[in-house]
Amino acid sequence: MEQNVEDRFPKIDRSAYEPAYVQLANILRRQIADGFYRPGDQLPSEAQLCQQYEVSPMTVRRSINLLADQEVVKTAQGRGTYVKAVEISTATFHLPTLSDLLGEGAEGDVRLLEVRIVTADERVARKLEIEEGDKAIYVRRLFTQGGEPIFYHRAYLRYDPRRPVVEAEMDVTSLQGLFTNADNTILKFGELTVEVTGINEEEATLLEVPVGTAAFYLEHVFHDFEDRPTSWGWFIWRGDHLHFKTTVGIDERTSL
């Protein structure tokens, strides 16, 4: 069904809670999703958008910057703003499985298998940026849901006698607690590397699958606000319980 002018070029709602620049960005996104503007097409100029939607140049610039950050458009100095072609290589994936497990009302249990203080070997010292031979905390956990094992987690944490890290780790009994209370530290950022691996004998016993079964290896490094690695570890996640998802291009069902 062909859209009328009001649907294609809606007015900015000044009484709405949503800022004008976000409204304008969503309008342009919908126009791109509907094919009104196609990859390579030039968007109207700043002056034209100001006149069409009765907004200020600053509002238009913020809208365009928002779309550029979302990889929807690209700007060429002195030439204007253009709709970007879909580039598969720029796809960003998320983990809906993990989101579901962390969601409100989600059920599951984290079983602490082991927690002890160890001496850091060369690899642990390098990952945590400590001296080889320094103390570190070693933790092993198993996450189950409905009695079925989902992943096996091992991690090394910086040892600090001034903080009750061991006690905090022993208190983690949920997946959400595992991530939000990772080492009883407020985290600045984390790095996650995902690879495919074959399950070894120890992992196969815990995860109740045959040795050599394909699984996801998710290595993580968490950093504090001093940019120090506070923990390094990895999840061995059963391949039949984890999947990745992304959207490539403009999905008209979503907005900013």
Side-chain angles (χ1 to χ4, degrees), residues 92-104 106-145 149-207 215-239 241-242 244:
T92 301
F93 290 84
H94 68 280
L95 295 167
T97 309
L98 188 55
S99 298
D100 292 342
L101 291 174
L102 286 172
E104 186 176 352
E107 296 182 355
D109 296 297
V110 175
R111 178 155 59 96
L112 185 65
L113 303 176
E114 180 181 9
V115 56
R116 59 188 171 93
I117 296 175
V118 299
T119 300
D121 60 17
E122 186 277 332
R123 189 182 184 198
V124 174
R126 174 165 41 86
K127 292 288 187 177
L128 294 181
E129 296 181 8
I130 59 178
E131 296 295 326
E132 188 172 350
D134 283 355
K135 292 180 179 179
I137 299 171
Y138 176 58
V139 182
R140 295 194 304 126
R141 302 181 177 93
L142 181 68
F143 178 79
T144 62
Q145 190 173 46
I150 306 298
F151 67 75
Y152 175 37
H153 179 230
R154 281 172 284 183
Y156 291 88
L157 294 77
R158 278 177 175 258
Y159 173 75
D160 187 341
R162 298 167 299 178
R163 291 170 38 228
V165 178
V166 175
E167 290 82 354
E169 291 296 320
M170 294 178 68
D171 286 340
V172 174
T173 57
S174 70
L175 183 61
Q176 189 166 18
L178 176 59
F179 284 88
T180 58
N181 193 39
D183 62 352
N184 203 31
T185 300
I186 298 176
L187 303 177
K188 180 179 180 181
F189 69 95
E191 300 165 320
L192 183 66
T193 303
V194 183
E195 300 176 1
V196 176
T197 188
I199 288 179
N200 63 29
E201 186 172 353
E202 176 196 12
E203 296 158 353
T205 300
L206 290 168
L207 294 175
F216 287 106
Y217 171 90
L218 285 77
E219 181 181 7
H220 64 80
V221 181
F222 292 129
H223 298 255
D224 62 18
F225 277 83
E226 296 178 5
D227 292 330
R228 302 180 310 169
T230 60
S231 66
W232 163 66
W234 59 97
F235 300 89
I236 301 298
W237 203 301
R238 283 178 46 167
H241 284 279
L242 183 67
F244 299 80

### Task
Check each of F143, Y152, F151 against W237 using the ring-ring contact (aromatic ring centres under 6.0 Å, His included) test, and report the only one that passes.
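Checked F143, Y152, F151 against W237; only one passes ring-ring contact (aromatic ring centres under 6.0 Å, His included): F151.
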Quick check: closest heavy atoms across [X] and [Y], and the distance to 0.1 Å?
X	Y	result
R116	V118	NH1-CG1, 3.1 Å
V221	H223	CG1-NE2, 3.5 Å
W234	H153	O-CD2, 3.3 Å
A120	I130	CB-CD1, 3.8 Å
L206	R140	CD1-NH1, 4.3 Å

Please check this pair: side chain of [X] against backbone of [Y], looking for a donor-acceptor N/O pair closer than 3.5 Å.
X	Y	answer
R111	T144	no
R238	L207	yes
R154	I236	no

### Message
A quick test of your reading: do over 12 heavy atoms of other residues, nucleotides or ligands sit less than 6.0 Å from CD of E131?
### Response
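For E131, atom CD is not crowded (no more than 12 foreign heavy atoms under 6.0 Å).
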### Query
For atom CD of E201, is the number of surrounding heavy atoms from other residues, nucleotides or ligands below 6.0 Å larger than 12?
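No, the 6.0 Å shell around CD holds no more than 12 heavy atoms from other groups.
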Would you say the side chain of [Y] lies within less than 4.5 Å of the side chain of [X], judging by non-hydrogen atoms?
X	Y	answer
T197	E195	no
F216	V194	yes
F189	D227	yes

Calculate, to the nearest 0.5 Å, the distance between atoms [atom1] and [atom2] belonging to [X] and [Y] respectively.
X	Y	atom1	atom2	value
R126	D121	CZ	CG	9.0 Å
T205	I199	OG1	CD1	10.5 Å
W232	K127	CH2	NZ	6.0 Å
L128	R123	CG	CZ	11.5 Å

### Query
Can the ring centres of F235 and H220 be said to be less than 6.0 Å apart?
yes
